Amino acid sequence: MKNTIREIVFNAAKSAFDKGLLPSDEIPQMEIETPKHKAHGDFSTNFAMVSAAIQKMAPKKIAEHLVSSIEASELVEKVEIAGPGFINFFLTNDAWYPVIDDILSKDVAYGSSNFGNKKKVQVQFVSANPTGPLHVGHGRGAAVGDSVGNILSFAGFDVQKEYYINDSGRQIRTLGTSVWVRLQQQDGRDILFPDDCYKGNYIKDIAKAILEKEGPDLLQKEEKHGIEICARFAAAKILEEIKQDLNSFGIEFDQWFSEQSLYDSGRVDKVIADLKSKDLVFEKDGAQWFRTEIFGDEKDRVVVRNNGLTTYFASDIAYHIEKFERGFDTVIDVWGADHHGYIKRIEASVEASGKQKEQFQVILVRLVNLLRGGKPVQMSTRAGEFVTLKNILNEVGKDAARFLFLSRSYDSGLDFDLELAKQKNSDNPVYYVQYVHARITGILLKAQEREIISHIDLKQGEYLELLQEPEEINLIKILSSFTENVEKSAKTLHPHVIFTYLMTLASAFHGYYNKHKVITHDSNLTQARLSLVLCVKKVIRNGLSLLGVSAPERM
RNA sequence: GCGCCCGUAGCCGAGUGGAUAAGGCGUCAGCCUCCGAAGCUGAAGAUCGCUGGUUCGAUUCCAGCCGGGCGCGCCA
């Protein structure tokens, strides 16, 4: 619809120039926007104001000439000049009806577009160490990453979702030691539990599980070997549980990428050697440093320590360069906001490999404050006690959790109240939106029962011109803006744009429902309204699915 | 101290440089013999942290200050 208006403005500008009303045929960067206030029309352009300098003419004068050159159209009811020179377009009701047939025919694809031009994008998220269960913070990151992937894909990007497994020797060895020590303790030996080991109770469970599998001989093994066995077993088991948790959170990754594989294939060594040959890595104090400072970082960073071991950063450089070698145009990482100091470092790696730093983007997700009835839930990392993602899913359910995680911009902190999330009332926005879907399904079934329609999934709108109520036209307008909202969400990488859109649509529907009956004694009008609400149902479903939330037929 | 992020009503918060700053919670007053009340309608509530600057126009961009969060390891 916006593009149609843009065309009308272009043509009018050209015609005004041809007629000699405007001195220049240059068309500046102008906006076609939907005004905040209905009194300002359906669409508005700042053409006259931004043209003032080019045309050397007062904005109002330009607007007058432009408006006088607009060709009459069935879509446009009237055009007004307002304020400092805005040109406001008021469309006829007829202009909006085609939206209904468009939605009915595109169905699950309505809202998708070619905005991304099939550009290859990778979204990497969660990527938690396989050393313990996922917690709330991972949940928010997971919801954000998964939705961003869905939205980009819907907007026409070629998206791959990836999980980076930090399974490098060092961390996994600590995990192995943790299990090994617990094993010894459970066998009655008096061993002090090391401070840098993982303290959670899940370690004890893993110790029991491995003892069951390997038998008591395990305890007699030489320590180094025993730790190794424990490490492998524990990492595999935890990763399996992480996969299950993510699965019940509705998330599937296209690829699980192992950090260890970067070492095994020699990529880490090769990258360091390459950087050294370009003099981007140098030696100081017995360590190898990457000159990240020349790329804008605060200081240079160590990639190989003076004890010969590589840092986490070393494999991260190799990993990000490897991603681009896989052909991605853009690589997006979803991180906890506490890692923001790391961005410059990775940008440096990306630039050093010859890519633009804009091709690497980081979504920083702020922390989640877990509450119960307004009071903070105590989480002691010292004791390894925390509320896991699994606990939350069991308590509040996938849909409520995901919707709340995406309810606001990720660059704000989020209070997640377990009591609130469980409530099935208007305090809980997920039900507000899902209720629309269930409610409409109810109406359609009723209409089918009364034999007004033979099937609840109409393929084409009927008697649309009977939709004359302002609430009806307003609903269609909101429906028609779904695609541009998806694009905006994709462009800004902000899934909460979809959340806000769904709330707006749901609110408009509930208001309409309370004011007007869909099923009336007038069968033509009823069919028209059924066409409309079916479209609302489909768009609600499409929007919810981008957020990974289900659209129930009944609640 | 340096760097990044945030500052919008009592609270939570939306807002591609545009005209009268969404919505929700909470408060107050209403709506079910009628398609699902997990819903709706109305009222009250804001010097958009402060001060300058850029602009025809700033909540939005820039600078400084104030307040909050996070980060500044040869940890991951």
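Just so we're clear, the structure is a prediction, and the values are computed from it rather than from any experiment. Each chain gets a letter, A, B and so on, in the order the sequences are listed, and its residues count up from 1.
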Which nucleotide in the set [options] lies at the smallest distance from any side-chain heavy atom of [X]?
X	options	value
A:Y312	B:rG3, B:rA76, B:rA14	B:rA76
A:N46	B:rU20, B:rG18, B:rC12	B:rG18
A:M555	B:rU16, B:rA76, B:rA38	B:rA38
A:R366	B:rC35, B:rC4, B:rC6	B:rC6
A:N129	B:rA76, B:rG18, B:rC6	B:rA76
A:E298	B:rG71, B:rG69, B:rU20	B:rG71
A:E33	B:rG18, B:rC74, B:rG73	B:rG18

Do [X] side-chain and [N] base share a donor-acceptor contact under 3.5 Å?
X	N	result
A:H339	B:rG71	no
A:D316	B:rA76	no
A:N514	B:rG39	yes
A:H510	B:rC40	no
A:S44	B:rA19	yes

Any idea if B:rC32 is syn or anti, going by the 90°-from-0 cut? syn
Quantified in whole Å, what is the [atom1] atom distance between nucleotide [N] and nucleotide [M]?
N	M	atom1	result
B:rC25	B:rG39	P	9 Å
B:rC74	B:rC70	C1'	23 Å
B:rG13	B:rC6	C1'	13 Å
B:rA14	B:rU27	C1'	22 Å
B:rG57	B:rC11	P	33 Å
B:rA29	B:rC12	P	26 Å
B:rG71	B:rA9	P	27 Å

With a 6.0 Å cut-off on the ring centroids, do [X] and [Y] count as close?
X	Y	result
A:F360	A:H320	yes
A:F405	A:F416	yes
A:Y432	A:H510	yes
A:Y163	A:F125	no

Is any side-chain N or O of [X] closer than 4.0 Å to OP1 or OP2 of [N]?
X	N	result
A:Y432	B:rG23	no
A:R305	B:rC75	yes
A:Y512	B:rC35	no
A:K488	B:rG15	no
A:R439	B:rA37	yes
A:Y435	B:rA38	yes
A:H496	B:rG15	yes
A:K36	B:rA19	yes

Ring-on-base stacking B:rG39 with A:Y513 (under 5.5 Å, under 30°):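 No; by the centre-distance and plane-angle rule, A:Y513 does not count as stacking on B:rG39.
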Ring-on-base stacking B:rA19 with A:H40 (under 5.5 Å, under 30°):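 So yes, this residue stacks on that base, both cut-offs being met.
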Would you call A:D42-A:K477 a salt bridge at under 4.0 Å N-O?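 A salt bridge links A:D42 with A:K477.
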Side-chain ion pair, A:K538 and A:D457, N-O less than 4.0 Å: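 Here A:K538 pairs with A:D457 in a salt bridge, since their nearest N and O are under 4.0 Å apart.
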Angle class for the A:H135/A:H138 ring planes (parallel below 30°, perpendicular above 60°, tilted otherwise)? tilted
Any-strand Watson-Crick or G-U partner of B:rC11, both distances under 3.5 Å: B:rG24
Taking pairing as Watson-Crick or G-U wobble with both contacts under 3.5 Å, can you name the mate of B:rC31, or confirm there isn't one? B:rG39
